[in-house]
Undergrad: 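One structure, pasted below without further comment.
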Protein chains: 2
Amino acid sequence: MTADLSASDDTPLRADARRNRDQIIGAAKKMFAERGPDVPMEEIARRAEVGVGTLYRRFPDRDALIRAVVRDNMADALAYARAAAVEEPTGWSALVRLLSHSTELGLSVRLSMLSPTVRKTLHGDPVLRELRSALLTAFETIVGTAQAEGSLRTDVSASDVAIVYALLLRQPQTMADSTAQLATGRALALVLEGLRARPDAPPDALPGRRLTAADLLLD
Amino acid sequence: MTADLSASDDTPLRADARRNRDQIIGAAKKMFAERGPDVPMEEIARRAEVGVGTLYRRFPDRDALIRAVVRDNMADALAYARAAAVEEPTGWSALVRLLSHSTELGLSVRLSMLSPTVRKTLHGDPVLRELRSALLTAFETIVGTAQAEGSLRTDVSASDVAIVYALLLRQPQTMADSTAQLATGRALALVLEGLRARPDAPPDALPGRRLTAADLLLD
DNA sequence: GTGAAGCGGAATGATCTCCTCCACATGCCT
DNA sequence: AGGCATGTGGAGGAGATCATTCCGCTTCAC
């Protein structure tokens, strides 16, 4: 899924190794999303159908794995956001598409927001910094477009949207999957309703000030 | 804070013991909220300014503590919801007050929703069952009133509101407290905006079906 | 003043994870 | 085909972390 935005390694990696690497990242992504950043390495390996040794050869420690997962995830989210911006006819529909689909974006945001430890790990990674800034730019484009066309209320910033989004994405895990999905869908629809521009409403109804990129993640 | 809704113990508990017990519950509540249901018992004890021994004498194991905390929390939330229902002039303002304040309600909902383990612990506790049902009733009263007065959209149920609420309450912990509060406040305002009845809007704009009490927590 | 109830926190033992290491397997290049 | 560099699995050592107990001392209540 990920383009090679990471610093190109010198050795091209053997075919099976590459496959295993991808499986590991995929498994780790799911496990992190479901059970937080502390899942045992061994379980990740098992889910990836790989030995622990393999996992450790590819990623020297947990931090490296987390970084890789978040990078991969961010890259996916970025691709998705850009696609939405380009392919959708209106800013509003791009916004809807962005918010509706991407569990992708959710994971990395959630991961990096929830645990102080993880934040420390991610902190200062240059690739991530670049990805994040690109993602925020994409977000801003969409939000800007939607606001310019008069469909999105103007007293929110891209960061506002991102945060609400992140808050909503945490899926309740105790319900049946179908129920959880239903609930998330409805919650999302409600938020979108709240985000819609109202010609009659006062222009600055929200409390406080617009959130900024700096509020989003403090490095 | 809590009325004695729990089964009355036979021995009245010495004054200092009672105080310690309350401190423990208070500390545990905060720690669970901040760091999840797995925080070490010792840290809870330290925060409560109490020895581990004391903690264990009062609560034979972690499960007992969790149960006690959630009960206490639910009771608070219930009291709060009832107060809002009675004291506020309109259903809408009661709803706003309910959603705006009560981090209380948030904790127990969050705790019981997030971890399957915790859910198992809580499952079948009769006191809790009663509390929860009373709370949902209070919720329904408020939601019903607000809908009857025409301020709340009619295609949501009390359970819908409760879930959105629970989703939003999870505070991002990596931001400065002030920022987190700001973000939560704005998110809440957006959701409220989405919840408001619109005379012009179609009456059933939300996807799926209304959530029910059964969706909320499956026992 | 005195006995019962309560307290603290060091010590114990069990559990859990990370991570290394190496005999073996597999892809790749010629 | 064949050789070897690259890659693989997973048992086990080392260490960390926690829950829980226990008992000499303190505090309340009468």
Side-chain angles (χ1 to χ4, degrees), chain A residues 6 8-32 34-69 111 115-118 120-122, chain B residues 8-32 34-70 111 115-118 120-122:
Chain A
S6 41
S8 53
D9 296 296
D10 6 31
T11 3
L13 218 50
R14 224 167 67 180
D16 54 344
R18 164 109 219 146
R19 192 177 335 121
N20 280 334
R21 196 193 120 95
D22 290 350
Q23 280 173 11
I24 291 173
I25 289 198
K29 191 186 295 194
K30 284 177 197 146
M31 308 271 303
F32 285 151
E34 290 169 9
R35 304 180 32 194
D38 291 329
V39 285
M41 296 296 249
E42 192 180 332
E43 293 195 37
I44 297 179
R46 197 177 318 141
R47 177 132 172 201
E49 303 184 68
V50 143
V52 217
T54 306
L55 175 48
Y56 273 98
R57 185 153 357 79
R58 212 50 66 198
F59 305 97
D61 55 19
R62 173 181 237 87
D63 278 3
L65 178 59
I66 291 184
R67 258 196 307 274
V69 168
L111 261 188
S115 145
T117 320
V118 171
K120 213 175 305 163
T121 298
L122 262 35
Chain B
S8 53
D9 295 295
D10 6 28
T11 4
L13 217 50
R14 225 168 65 180
D16 55 345
R18 164 108 219 146
R19 194 178 333 124
N20 279 334
R21 195 189 119 93
D22 291 349
Q23 280 173 12
I24 291 174
I25 290 199
K29 190 186 296 194
K30 284 178 197 147
M31 308 272 301
F32 285 150
E34 290 169 9
R35 303 178 35 191
D38 292 329
V39 285
M41 297 296 249
E42 194 181 330
E43 292 195 38
I44 297 179
R46 198 177 318 142
R47 178 132 169 201
E49 303 184 66
V50 142
V52 217
T54 305
L55 175 47
Y56 272 96
R57 188 157 349 83
R58 212 49 68 197
F59 306 97
D61 55 20
R62 172 181 239 92
D63 278 3
L65 178 59
I66 292 185
R67 259 195 307 276
V69 168
V70 174
L111 261 188
S115 146
T117 319
V118 172
K120 214 174 305 162
T121 298
L122 263 34

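Just so it is clear: chains get the letters A, B, ... in the order the sequence lines come, proteins before strands, and each one is counted from 1.
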Undergrad: Could you tell me if the side chain of I66(A) sits less than 4.5 Å from the side chain of F59(A), heavy atoms only?
TA: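 A side-chain contact under 4.5 Å is absent here.
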
Undergrad: Rounded to whole angstroms, how far apart are CE on M41(A) and C1' on dC16(C)?
TA: 15 Å

Undergrad: Need to verify one output field. Residue with the more 5' nearest nucleotide on DNA chain D, P60(B) or D16(B)?
TA: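 Between the two, 5'-proximity favours P60(B).
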
Undergrad: Which nucleotide in the list dA29(D), dC19(C), dG9(C) gets nearest to the side chain of A15(B)?
TA: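 The nucleotide sitting nearest to the side chain is dA29(D).
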
Undergrad: Measure from CD on E42(A) to C1' on dT20(C) and round the result to the nearest Å.
TA: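 From E42(A) CD to dT20(C) C1': 14 Å.
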
Undergrad: Where each residue is assigned the nucleotide of DNA chain D containing its nearest heavy atom, which of G53(B) and D38(B) is assigned the position nearer the 5′ end?
TA: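 The residue whose closest nucleotide sits nearer the 5' end is D38(B).
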
Undergrad: Which comes earlier along DNA chain C counting from the 5' end, the contact point of G51(B) or that of R14(B), where each point is its nearest nucleotide?
TA: R14(B)

Undergrad: For a quick check of understanding: with a heavy-atom distance under 4.0 Å over all strands, which category does R57(B) fall into, base, sugar-phosphate or nothing?
TA: base

Undergrad: From C-beta outward on A17(A), which listed nucleotide comes closest to its side chain: dC28(C), dT20(D), dT8(D)?
TA: dT8(D)

Undergrad: To the nearest Å, give me how far apart CD1 (I24(A)) and C1' (dT8(D)) are.
TA: 11 Å

Undergrad: Measure from CZ on F59(A) to P on dT17(C) and round the result to the nearest Å.
TA: 21 Å

Undergrad: D22(B) has an atom CG; how far is it from atom C1' of dG6(C), in whole Å?
TA: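 The answer, rounded to whole Å, is 15 Å.
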
Undergrad: List the steps, then state whether salt bridge (Lys or Arg N to Asp or Glu O under 4.0 Å) holds for R18(B) with D22(B).
TA: CA-CA 6 Å; R18(B) 164 108 219 146; D22(B) 291 349; 3.8 Å; yes

Undergrad: Taking atom CD as the centre, does E49(B) end up with more than 12 heavy-atom neighbours from other residues, nucleotides or ligands that are less than 6.0 angstrom away?
TA: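 At most 12 heavy atoms, drawn from other residues, nucleotides or ligands, come within 6.0 Å of this atom.
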
Undergrad: For T54(B) and dG8(C), is the shortest distance between a side-chain N/O and OP1 or OP2 below 4.0 Å?
TA: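 Checking T54(B) against dG8(C): at least one side-chain N or O falls below 4.0 Å of OP1 or OP2.
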
Undergrad: Would you kindly give the CZ-to-P distance between R21(B) and dC7(C), to the nearest whole Å?
TA: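 One finds 12 Å between P of dC7(C) and CZ of R21(B), rounded.
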
Undergrad: Measuring from the side chain of L13(B) (C-beta onward, heavy atoms only), which nucleotide among dG27(C), dG6(C), dT8(D) has the closest atom?
TA: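 The nucleotide sitting nearest to the side chain is dG6(C).
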
Undergrad: Return the value, rounded to whole Å, for the distance between atom OH of Y56(B) and atom P of dG9(C).
TA: 16 Å

Undergrad: Heavy atoms only, 4.0 Å cut-off, all strands: where does I44(A) land among base, sugar-phosphate and nothing?
TA: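 Here I44(A) touches no strand at all.
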
Undergrad: For the side chain of P40(B), starting at C-beta, report the closest nucleotide among dA4(C), dC18(D), dG7(D).
TA: dC18(D)

Undergrad: Output yes when a side-chain donor or acceptor of R58(B) lies under 3.5 Å from a complementary backbone atom of A17(B), and no otherwise.
TA: no

Undergrad: OP1 or OP2 of dT8(D) sitting under 4.0 Å from any side-chain N/O of N20(A)?
TA: yes

Undergrad: With a non-hydrogen cut-off below 4.0 angstrom, is R58(A) in contact with a base, only sugar-phosphate, or nothing?
TA: sugar-phosphate

Undergrad: Looking at dC18(C), I'd like to know if its phosphate oxygens (OP1 or OP2) sit under 4.0 Å from a side-chain N or O belonging to R62(A).
TA: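 Yes, such a contact exists.
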
Undergrad: Using whole Å, report how far CG of L55(B) lies from C1' of dC7(C).
TA: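 In whole Å, dC7(C) C1' lies 12 Å from L55(B) CG.
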
Undergrad: Please indicate whether E43(B) has more than 12 foreign heavy atoms, meaning atoms of other residues, nucleotides or ligands, lying under 6.0 Å from its CD.
TA: yes

Undergrad: Do R35(B) and P40(B) come close enough that some side-chain heavy atom pair is under 4.5 Å?
TA: yes

